[in-house]
Amino acid sequence: MSANVKHVKSTIPALRLVVGGVQPARSRWLALLVLCAGFLMIVVDATIVNVALPSIQRDLGFSQSGLAWVVNAYLIAYGGFMLLAGRLGDLFGRKRVFLIGLGMFTTASLLCGLSFSQPLLIAARFVQGIGGAVSSAVILGMIVTLFPAPAEQARAFGIFSFVASAGASVGLLAGGFITQAISWHWIFFVNIPIGVATALLGTRLIQSDTGLGLDAGADALGAFLVTAALMLGVYTIVTSSDDGLGSPHTLGFAALAVGLLAAFVARQAVAHTPILPLRVFRSRTVSGANLIQAIMSAAFFGFFFLGSLDLERVQRYGPLAIGLAFLPVAVGMGALSISVTARLITRFGARRVLLAGQILIALGLVLLARGPMHSDYVRDLLLLMVLLGVGGGLAFPALTILAMSGATERDAGLASGLLNTTGQVGAALGLAVLATLATTRTGQLVARGDGISAALSGGYHLAWAIGAGLVLVTIVLAATVLKPVMAAEGAMDGTAEAGEVAECHEEQVEVCA
């Protein structure tokens with residue numbers, strides 16, 4: 001253990017030499033605002049699209065399973081390129097990579113807004129996902145560099161978390177208003193002035209860093225293998241409703257996707273500079289937290305995606321009303337993420353807070369799945385929206401602390417990138433599965449003679465029930481796999497119990513070994 005600790009400490013001065021020192025206080029906080037503005041644009045885009053999905057489907061003629069690709073094309077690119085993007089930041093300099101990603105995202109937003117066909121929109125969303133991954137992958141590392149002092153770093157991450165949560169609320173409201181008042185094309189056009197202004201300010205306010213240089217290398221083959229495997233896997237799931245789960249088409253493409261994924265794992269075992277060093281999975285807490293992140297993201301994204309369709313096609317809500325309907329979820333998550341969840345984690349531990357949030361999320365999805373076909377918002381939907389918001393605000397910050405608890409200074413960036421990747425990939429794959437199952441169930445009900453509204457509602461309710469089941473699985477995983485670890489705040493002020501500190505150190509040794 002002492003050798004590992006010495007190795008970790010020896011890497012810290014080198015990392016600081018690479019980034020060129022610490023900026024003056026005023027300049028650092030201004031730079032943080034620029035980074036938050038860039039990330040806000042990405043977060044807003046993720047939720048703003050959900051509200052506009054019914055209008056996009058109607059305008060461009062998407063099928064329900066095909067409509068999932070408007071979300072999946074972005075998520076797959078975002079998740080697939082996240083780890084490589086973080087490595088490129090180390091090689092070329094994080095500021096440079098952040099600005100390149102911002103430029104890609106802004107340009108792709110213009111193409112999304114100009115889209116007049118399904119293939120063009122899906123292709124532009126894929127490029128947008130790459131830009132989002134490239135820019136956001138380096139933000140957490142830049143914040144750590146800007147604020148090395150624990151107290152300042154805690155405040156900086158609090159601001160960042162608030163922006164991430166508030167972005168969901170902004171996206172929901174802006175998506176409804178813009179779609180209803182103008183058209184869905186403008187939900188993408190609004191990114192252009194924000195992206196240009198952020199890039200100009202970032203050029204002036206963010207301190208430049210040199211990076212490690214090309215000699216350190218990057219695993220481009222690994223990035224290609226994992227992205228291709230994930231894209232092919234989602235395609236297989238989405239098309240299985242038309243071809244059948246046991247058809248040669250489905251089985252063949254599924255086998256190819258698994259083969260690509262196996263090749264990626266094999267590549268990581270031998271690559272000189274792997275995107276994902278397999279040693280990180282020696283930590284039971286890191287592995288368990290990432291698995292929980294993937295499954296919970298699947299349930300949450302399925303709720304938003306299918307919920308927007310239910311509100312539009314069954315409940316007959318307009319775009320603005322859809323945004324307002326989801327507002328309690330975003331507000332609940334944002335309000336707790338600012339400070340409440342951190343205090344609860346310090347008092348009760350991250351695992352207990354995670355379990356409490358998971359229970360609330362599962363309860364909300366159960367109420368949604370058991371609700372009537374035609375719902376009164378105040379009577380049938382408001383409570384479950386609040387439960388999902390409060391549950392998400394408790395669960396996801398606690399899950400982040402658990403996922404990062406086993407990481408040393410050397411692996412902090414990797415652990416952060418891995419958690420983001422599993423969340424995005426889990427959301428993409430889970431959304432594909434839930435949308436396909438909902439479509440299949442709707443088709444069965446129509447064939448049985450049910451009306452279209454009743455058939456659609458039946459499909460959505462089945463998907464929400466499955467989502468609730470997925471969250472129940474994560475509760476079991478959290479209770480049996482995760483180890484209780486100290487919160488960051490406990491580490492600073494000494495409130496963590498000795499047993500938790502010992503287990504945290506044990507996890508770090510497992511990862512470093």
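We use all heavy atoms of the structure for the numbers below, so side chains are in, but hydrogens, waters and symmetry mates are not.
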Query raised in the report: Are Thr106 and Met41 close enough that some pair of their side-chain heavy atoms sits under 4.5 Å apart?
Result: yes
**Report entry** Trp184 CH2 to Ile178 CD1 distance, which is reported to the nearest 0.5 Å
**Finding:** 13.0 Å
Query raised in the report: Any donor-acceptor pair under 3.5 Å linking the side chain of Asn290 with the backbone of Val286?
Result: yes
Requested in this report: Enter the distance from Gln268:CD to Leu278:CG here, rounded to the nearest 0.5 Å.
Outcome: 6.5 Å
Query raised in the report: Any side-chain heavy-atom pair from Glu312 and Arg58 closer than 4.5 angstrom?
Result: yes
Query raised in the report: With sequence neighbours excluded, what pairs up with Asp310 under the salt bridge (Lys or Arg N to Asp or Glu O under 4.0 Å) test?
Result: none
Query raised in the report: Once you round to the nearest 0.5 Å, how far does OG of Ser115 lie from CG of Leu110?
Result: 9.5 Å
Query raised in the report: For Thr474 and Ile361, what are the C-alpha separation, side-chain angles and deciding distance, and is it a side chain to side chain contact (heavy atoms under 4.5 Å, CB included)?
Result: CA-CA 11 Å; Thr474 66; Ile361 293 172; over 6 Å; no
Report task. Decide yes or no for Thr436 and Thr439: does some side-chain heavy atom of the first lie under 4.5 Å from some side-chain heavy atom of the second? Result -> no
**Report entry** For the student: nearest non-hydrogen atoms of Leu232 and Ala257, plus distance
**Finding:** CD2-N, 3.7 Å
**Report entry** Any Val134 side-chain heavy atom under 4.5 Å of Phe81 side chain
**Finding:** no
Query raised in the report: In terms of heavy-atom contacts, does CZ of Phe224 have more than 12 from other residues, nucleotides or ligands at under 6.0 Å?
Result: no
Query raised in the report: For the residue pair Tyr78 and Tyr74, is the inter-centroid distance of their aromatic rings smaller than 6.0 Å?
Result: yes
Query - Arg94 side-chain N/O to Val138 backbone N/O, donor-acceptor pair under 3.5 Å - result: no
Query raised in the report: Is the shortest heavy-atom distance from the side chain of Leu402 to the side chain of Ile292 under 4.5 Å?
Result: no
**Report entry** Any side-chain heavy-atom pair of Phe188 and Leu121 under 4.5 Å
**Finding:** yes
Query raised in the report: Which class fits the ring pair His249 and Phe253: parallel under 30°, tilted 30 to 60°, perpendicular over 60°?
Result: tilted
Requested in this report: With the side chain counted from C-beta on, respond yes when Ile206 and Leu99 share a heavy-atom pair under 4.5 Å apart, and no when they do not.
Outcome: no
Query raised in the report: Of all heavy-atom pairs between Ala299 and Gly467, which one has the smallest distance, and what is that distance?
Result: CB-O, 3.7 Å
Query - Least distance between heavy atoms, Gly392 atom then Pro397 atom - result: O-CD, 3.7 Å
Requested in this report: Tell me, please, which residues at least two apart from Phe396 pass ring-ring contact (aromatic ring centres under 6.0 Å, His included).
Outcome: Phe300
Report task. Look up atom CG in Leu53 and atom CD1 in Ile48, then write down how far apart they are to the nearest 0.5 Å. Result -> 11.5 Å
Query - Exercise: identify the closest heavy-atom pair between Ala478 and Gln358 - result: CB-OE1, 3.5 Å
Query raised in the report: Looking at CG of Leu394 and CE of Met333, how far apart are the two atoms once the value is rounded to the nearest 0.5 Å?
Result: 10.0 Å
Query raised in the report: Under the 3.5 angstrom rule, does the side chain of Arg267 hit a backbone N or O of Leu221 as a donor-acceptor pair?
Result: no
Query raised in the report: Any side-chain heavy atom of Val190 sitting closer than 4.5 Å to one from Val44?
Result: no
Query - Derivation and outcome, side chain to side chain contact (heavy atoms under 4.5 Å, CB included), residues Phe98 and Leu35 - result: CA-CA 9 Å; Phe98 172 74; Leu35 295 175; 4.0 Å; yes
Report summary line: Which of Tyr460, Phe326, Trp464 passes ring-ring contact (aromatic ring centres under 6.0 Å, His included) with Phe303? It is Phe326
Query raised in the report: Would Leu477 and Val473 satisfy side chain to side chain contact (heavy atoms under 4.5 Å, CB included), going step by step from the backbone distance to the final call?
Result: CA-CA 6 Å; Leu477 289 172; Val473 170; 4.3 Å; yes
Report task. Might you point out which heavy atoms bring Pro54 and Ile322 nearest each other, and give the distance in Å? Result -> CG-CD1, 4.4 Å
Query - Heavy-atom pair with the smallest gap, counting every atom of Ser109 and Asn191 - result: OG-ND2, 3.1 Å
Report task. First locate atom CG of Leu291, then atom CG of Leu482, and finally report the distance between them rounded to the nearest 0.5 Å. Result -> 9.5 Å
Query raised in the report: Backbone N or O of Val481 within a donor-acceptor pair of the Arg284 side chain at under 3.5 Å?
Result: yes
Requested in this report: State which residue, out of Val49, Leu111, Asp45, fulfils the side-chain contact (heavy atoms from CB on, under 4.5 Å) condition with Gln128.
Outcome: Asp45
